[in-house]
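Everything on this sheet refers to the single structure shown next.
We use all heavy atoms of the structure for the numbers below, so side chains are in, but hydrogens, waters and symmetry mates are not.
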Amino acid sequence: MPITHNAHAHIARRIHLYCWSHQPDLDHGRIGLLDKSFRHTLKQRALYYLRIFLIYSALLWVAMAIYFGCMYNMTAHAHEIRLKIIDLDRSSVSRRLTAIMLAQDRRTQPDYQRPWVPQWSVLHNHNIRTLDEAEDHVRRHEWAAIVISKGLESDLRRALLNGSVEYSPSSAMTALVSTGRNPIPVSRYIQPALDAMAQYAANEYARIQI
């Protein structure tokens, strides 16, 4: 059955659908966007948002310039990065681990034509006795280091002879990174070099023992 005009009006009233029409009494004093009296306020707001846009655009360009400036030609600037091996145990096991790491470093010497490849060396004649002292030394003087834990040989021998379950292979070596230096070469070159060397030394020592 078709809906009559009265039915349409009734539905419109129930769901509050009203078309706008000019009502002089109710619309007195109202202004629209095109009203001349509104142009000054509209201009002020437009200038305000334009200044905000320009400021944020400038900050974005400054941040991008700093980032890409740090990244530019990094392989030429990140040179002579030297990583240390700190032996706190000074035992036959720790000397063997040190020899494995230095041998691996010598095998990668052709890569030293690329100046960003970290180089390894042993920290000699040190008075470092604990891991905390080693961490303080690395923070002050080094990029990073692999520390061979004190008591490694005795703990390993005890585990092999007595079957001790308290021995944790992950505590044999500790990788320390100086967090106060440039974070870009640390994340791109130093941390991967530390992880690769520690993994290689552990696997190679296990293979030799077998």
Side-chain angles (χ1 to χ4, degrees), residues 67-160 164 166-210:
Y67 175 77
F68 287 108
C70 294
M71 298 291 289
Y72 174 74
N73 208 15
M74 183 193 299
T75 56
H77 295 142
H79 63 284
E80 296 183 358
I81 298 178
R82 302 187 182 276
L83 308 182
K84 294 296 183 180
I85 302 171
I86 303 177
D87 184 5
L88 299 183
D89 195 37
R90 298 179 182 179
S91 63
S92 59
V93 175
S94 64
R95 287 192 292 270
R96 184 61 179 167
L97 285 172
T98 301
I100 290 173
M101 288 186 277
L102 292 179
Q104 174 67 5
D105 182 63
R106 287 192 294 271
R107 278 192 288 271
T108 59
Q109 279 186 2
D111 290 338
Y112 291 167
Q113 298 174 0
R114 297 178 296 173
W116 62 90
V117 176
Q119 303 178 27
W120 290 86
S121 62
V122 180
L123 183 65
H124 295 288
N125 302 322
H126 63 81
N127 296 319
I128 301 174
R129 299 180 181 275
T130 65
L131 184 61
D132 291 337
E133 293 178 0
E135 186 174 0
D136 183 69
H137 174 82
V138 170
R139 181 176 59 83
R140 294 174 181 270
H141 305 290
E142 311 292 348
W143 279 95
I146 288 181
V147 180
I148 302 176
S149 301
K150 188 176 182 178
L152 170 62
E153 185 178 50
S154 60
D155 293 342
L156 179 61
R157 183 181 296 110
R158 190 181 306 111
L160 293 174
S164 174
E166 297 179 356
Y167 175 74
S168 175
S170 61
S171 63
M173 294 182 292
T174 303
L176 299 177
V177 180
S178 177
T179 57
R181 296 178 181 267
N182 191 332
I184 296 179
V186 168
S187 61
R188 293 197 61 177
Y189 306 122
I190 295 175
Q191 193 64 56
L194 280 174
D195 297 339
M197 183 60 80
Q199 185 68 33
Y200 174 82
N203 293 341
E204 185 66 13
Y205 186 82
R207 185 188 66 81
I208 293 173
Q209 295 304 307
I210 295 174

Scan side-chain atoms only and decide if Thr98 and Asp87 contain a donor-acceptor pair under the 3.5 Å cut-off.
no

Let me confirm one number: the CD1-CD1 distance from Ile190 to Ile81, rounded to the nearest 0.5 Å.
4.5 Å

Of all residues at least two apart in sequence or in a different chain, which pass the salt bridge (Lys or Arg N to Asp or Glu O under 4.0 Å) check with Asp195?
none

What are the two closest heavy atoms between Lys84 and Trp120, and how far apart are they?
O-CZ3, 3.7 Å

Please examine the side chains of Val177 and Gln191, heavy atoms only from C-beta on, and report whether any two atoms are closer than 4.5 Å.
yes

Side chains of Pro118 and Arg82 in contact at under 4.5 Å (non-hydrogen atoms):
no

Rounding to 0.5 Å, atoms CE (Met197) and CG (Asp105) come to a distance of 5.5 Å

Kindly compute the distance separating CG (Leu152) from CZ (Arg157), expressed to the nearest 0.5 Å.
10.0 Å

Does Tyr67 OH have over 12 foreign heavy atoms under 6.0 Å away?
no

Residues Lys150, Ile128; criterion side-chain contact (heavy atoms from CB on, under 4.5 Å); working and verdict
CA-CA 10 Å; Lys150 188 176 182 178; Ile128 301 174; over 6 Å; no

With Arg90, which residues qualify under salt bridge (Lys or Arg N to Asp or Glu O under 4.0 Å), at least two apart?
none

Measuring only between side-chain heavy atoms, which start at C-beta, is Leu97 closer than 4.5 Å to Asp89?
no

Heavy atoms only: give me the nearest Ala193-Leu83 pair and the separation to one decimal.
CB-CD1, 4.1 Å

Sidechain N-carboxylate O distance under 4.0 Å for Arg139, Glu135
no

Just list the side-chain donor-acceptor pairs under 3.5 Å for residues 141-149, sequence neighbours left out, or say none.
from, atom 1, to, atom 2, distance (Å)
Glu142, OE2, His137, NE2, 3.2
Ser149, OG, Ser171, O, 2.6
Ser149, OG, Ala172, O, 3.2

Rounded to the nearest 0.5 Å, the CD atom of Gln199 sits from the CD atom of Glu204 at a distance of 12.0 Å

Roughly how far, to the nearest 0.5 Å, is CG of Leu102 from CD1 of Ile85?
4.5 Å

Nearest 0.5 Å, what's the CG-CE distance between Leu194 and Met173?
11.0 Å

